[in-house]
Amino acid sequence: MKVVFLGTPDFAVPSLDALHEKYGVSAVICQPDKAKNRKGEIIFGAVKQRAIDLGIPVYQFNKIREEGVQILKELAPDIMITCAYGQILSQEILDIPKYGILNVHGSLLPKYRGSAPIQWSIIDGEEKTGVTIMKTAIGMDTGDMVSACEVKIEDDMYLEDLYNVLKTKGAQLLIDTIDEYVSGKIVPVPQNEDEASKCRMITKEDAKIDFCACAKDIRNKIRGLGYGYFLYNNEPVKVYKAEIGSGKGVSGKILSHSKEGVEIACKDASVLFTELQMPGKKRMGAKDFINGVKMSGEVL
RNA sequence: CGCGGAGUAGAGCAGAUGGUAGCUCGUCAGGCUCAUAACCUGAAGGUCACGAGGUUCGAGUCCCGUCUCCGCAA
């Protein structure tokens, strides 16, 4: 079976690996290179890099709906798999593969359609999420569902943790599903539109901590985004780990500053930051952080 | 060549106007204590990123070059 894979970031790498091992992937399509490091050198996306290592031909289109159609037709895949590719496909493309296109999505559809389902599921304090394999359709993650796998969101999971679990589960589910899908044993099920929800993209602003919020929400946000930040002396202080404290005070007041962490009051309690970073400095644990940065009892 | 910060004891930081380096934590030894991550005393530990570079009587501190790390932007 001829498989063409479309994906860009590292979330898609396990799926690419799994597919390639089982079926052999004849071509990989990913977004154009745009990431650069501080020196201005171009950094390849994780999928592109992986494809090169595996010796799979890579194609990149600014607009796959225009530039990619012809090539895709020539590739004549039996099935195409998308996983965090980053571009909207057209009906013309959807019609190319004999078995259509399957997508790996990081949520339990129809909830959390959209671009950052993993982040939002944690931010919202969900207790579970998962991955869904569905048919890629024209709408935003609206295709009929083929299979799904549930994952519990543990209280100590941060974005990176959940992300890693889901990308692995996604890859596993994908290869466990394809054969049955292709052979017709699985009949795709339409999504229940009444239960659908769509999450919006994450912006820089989302990472700014609002101390007027509840401790749990602040912590969930940091967990979901992987970090958060607040301004101290006009400089952004990034925080990577947070626990809920019992301190009370005016929202934004720095309650304590110890090896345990930097504790700041919020709406209903306090949050204790145990891993932080000053601009230009390295990320470090509270013990090291407070050794160099002395924060007094001011209010942010 | 996108903007900017930084490389000083194991770790985190200080070191105006240049004169061979300090603090906090940690470590080790001893003490106190029922005990301790608490406290007391003492000790070890640094060619101050690199370049047998430049200026100088003398540079961590000024100038030049290189490497590495990081924040922002992308």
Side-chain angles (χ1 to χ4, degrees), chain A residues 6-13 29-52 58-64 67 84-88 114-116 118-120 123 156 158-160 163 199-211 218 221-247 252 254-264 270-298 300:
Chain A
L6 326 224
T8 302
D10 67 301
F11 183 78
V13 171
I29 297 172
C30 60
Q31 290 274 50
D33 302 314
K34 56 176 184 175
K36 293 179 182 174
N37 64 15
R38 261 177 290 258
K39 290 175 184 169
E41 297 164 334
I42 292 176
I43 305 297
F44 289 170
V47 165
K48 176 175 179 177
Q49 190 58 58
R50 186 62 181 159
I52 291 173
V58 175
Y59 298 88
Q60 294 170 287
F61 307 110
N62 287 315
K63 288 201 112 182
I64 191 170
E67 308 159 25
Y85 170 50
Q87 284 192 43
I88 303 293
S115 59
I118 306 177
Q119 286 87 332
W120 286 110
I123 294 172
D156 60 354
Y158 279 69
L159 174 62
E160 185 182 10
Y163 194 88
C199 53
R200 54 166 244 268
M201 286 208 291
I202 302 287
T203 68
K204 313 283 185 295
E205 266 303 295
D206 289 314
K208 185 167 184 177
I209 297 169
D210 173 13
F211 290 104
I218 292 174
K221 190 150 107 172
I222 293 167
R223 288 203 298 137
L225 297 177
Y227 78 100
Y229 75 93
F230 60 83
L231 261 28
Y232 181 74
N233 289 339
N234 264 326
E235 294 199 294
V237 179
K238 295 178 80 170
V239 297
Y240 297 93
K241 298 284 179 191
E243 294 304 331
I244 295 174
S246 54
I254 300 174
L255 265 22
S256 69
H257 182 263
S258 70
K259 34 270 164 200
E260 307 304 325
V262 176
E263 184 181 19
I264 298 179
S270 67
V271 280
L272 183 68
F273 299 121
T274 56
E275 203 170 312
L276 8 218
Q277 176 180 41
M278 287 297 280
K281 297 295 183 181
K282 288 179 182 171
R283 163 178 177 172
M284 59 189 95
K287 194 164 71 81
D288 290 330
F289 182 83
I290 64 152
N291 225 333
V293 182
K294 302 303 178 191
M295 290 182 166
S296 46
E298 56 215 282
L300 298 175

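Just so it is clear: chains get the letters A, B, ... in the order the sequence lines come, proteins before strands, and each one is counted from 1. For the numbers below, each heavy atom of this structure counts, side chains included, while hydrogens, waters and symmetry mates do not.
Across all strands shown, B:U36 has no partner, as no Watson-Crick or G-U wobble contact with both distances under 3.5 Å is found. In this structure B:C3 sits in a base pair with B:G71, meeting the Watson-Crick or G-U test at under 3.5 Å. Pair check for B:C23 finds B:G12; Watson-Crick or G-U wobble, both atom distances under 3.5 Å. In this entry B:G65 has B:C50 as its Watson-Crick or G-U wobble partner, both defining distances falling under 3.5 Å. Across the strands present, B:G42 finds its partner in B:C28; the criterion is a Watson-Crick or G-U wobble pair with both atom distances under 3.5 angstrom. In a base pair of the Watson-Crick type (N1 to N3 plus N6-O4 or O6-N4) or a G-U wobble (N1-O2 and O6-N3), with each distance short of 3.5 Å, B:U17 is matched with no nucleotide.
Looking only at side-chain heavy atoms (C-beta outward), A:Q87 and A:I29 stay at 4.5 Å or farther from each other. Contact annotation: the side chain of A:I209 never approaches that of A:V271 to less than 4.5 Å [non-hydrogen atoms, C-beta and beyond]. Considering only heavy atoms from C-beta on, A:Q277 stays 4.5 Å or farther from A:Y229 through its side chain. Put simply, the side chain of A:E235 reaches to within 4.5 Å of the side chain of A:M278, judged on heavy atoms. With a 4.5 Å cut-off on side-chain heavy atoms, A:V47 and A:Y85 do not count as touching.
The gap from the C1' atom of B:C1 to that of B:G45 amounts to 42 Å, rounded to the nearest Å. Comparing B:U17 with B:A11, their C1' atoms are spaced 32 Å from each other, to the whole Å. Spacing between B:A6 and B:A59 at atom P, rounded to whole Å, works out to 23 Å. Across the C1' atoms, B:U33 and B:C70 are found 45 Å apart, a figure rounded to whole Å. Only the C1' atoms considered, B:U20 is 11 Å distant from B:U47, to the nearest whole Å. Taking the P atom of each, B:U24 and B:C40 are spaced 11 Å apart, rounded to whole Å. Between B:U8 and B:A43, the distance separating the two P atoms is 25 Å to the nearest Å. Spacing between B:G12 and B:A74 at atom P, rounded to whole Å, works out to 30 Å.
Between the C1' atom of B:G71 and the NZ atom of A:K208 lies a distance of 16 Å, rounded to the nearest Å. Nucleotide B:C72 holds its P atom 13 Å from the CZ atom of A:R283, rounded to whole Å. Rounded to whole Å, the distance from CD on A:E205 to P on B:A73 is 11 Å. Spacing between atom CD of A:E235 and atom C1' of B:C3 amounts to 15 Å, rounded to whole angstrom units. To the nearest angstrom, C1' of B:G71 lies 18 Å from OH of A:Y232. Rounded to an integer number of Å, the gap from A:H257 NE2 to B:G12 P is 16 Å. Atom CG of A:L276 is separated from atom P of B:G12 by 14 Å (rounded to the nearest Å). Between A:K282 atom NZ and B:C13 atom P there is a gap of 9 Å when expressed in whole angstrom units.
A:K36 comes within 4.0 angstrom of a nucleotide base, judged by non-hydrogen atoms across all strands. In this structure, A:K238 reaches the sugar-phosphate backbone alone: every heavy-atom distance under 4.0 Å involves primed, P, OP1 or OP2 atoms, never a base. Across all strands shown, A:Q277 has heavy atoms under 4.0 Å from sugar-phosphate atoms exclusively, and none from any base.
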For nucleotides 4-10 of chain B, which of its nitrogen or oxygen atoms have a protein nitrogen or oxygen under 3.5 Å away, and what is each distance?
| residue | atom | partner | partner atom | Å |
| --- | --- | --- | --- | --- |
| B:G5 | N2 | A:G280 | O | 3.2 |

Is there any protein nitrogen or oxygen under 3.5 Å from a nitrogen or oxygen in nucleotides 21-24 of chain B, and what are the pairs?
| residue | atom | partner | partner atom | Å |
| --- | --- | --- | --- | --- |
| B:U24 | O2' | A:N291 | OD1 | 3.2 |
| B:U24 | O2 | A:N291 | OD1 | 2.8 |
| B:U24 | O2 | A:N291 | ND2 | 3.1 |

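Under the 3.5 Å distance criterion, the side-chain polar atoms of A:E263 are matched with a main-chain donor or acceptor of A:G247.
Counting heavy-atom neighbours within 6.0 Å of A:E160 CD, excluding the residue itself, gives a total of 12 or less.
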- Show your reasoning for whether ring-ring contact (aromatic ring centres under 6.0 Å, His included) applies to A:F230 and A:F273. CA-CA 11 Å; A:F230 60 83; A:F273 299 121; 5.7 Å; yes
- Verdict with reasoning, A:L231 to A:K208, per side-chain contact (heavy atoms from CB on, under 4.5 Å): CA-CA 9 Å; A:L231 261 28; A:K208 185 167 184 177; 4.1 Å; yes
- Query: Would A:F289 and A:K281 satisfy side-chain contact (heavy atoms from CB on, under 4.5 Å), going step by step from the backbone distance to the final call?
  - Reply: CA-CA 10 Å; A:F289 182 83; A:K281 297 295 183 181; over 6 Å; no
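Here the side chain of A:M284 is nearest to one of B:A73, B:G71, B:C13, namely B:C13.
Classified by interplanar angle (parallel below 30°, tilted 30° to 60°, perpendicular above 60°), the ring pair A:Y240/A:Y227 is tilted.
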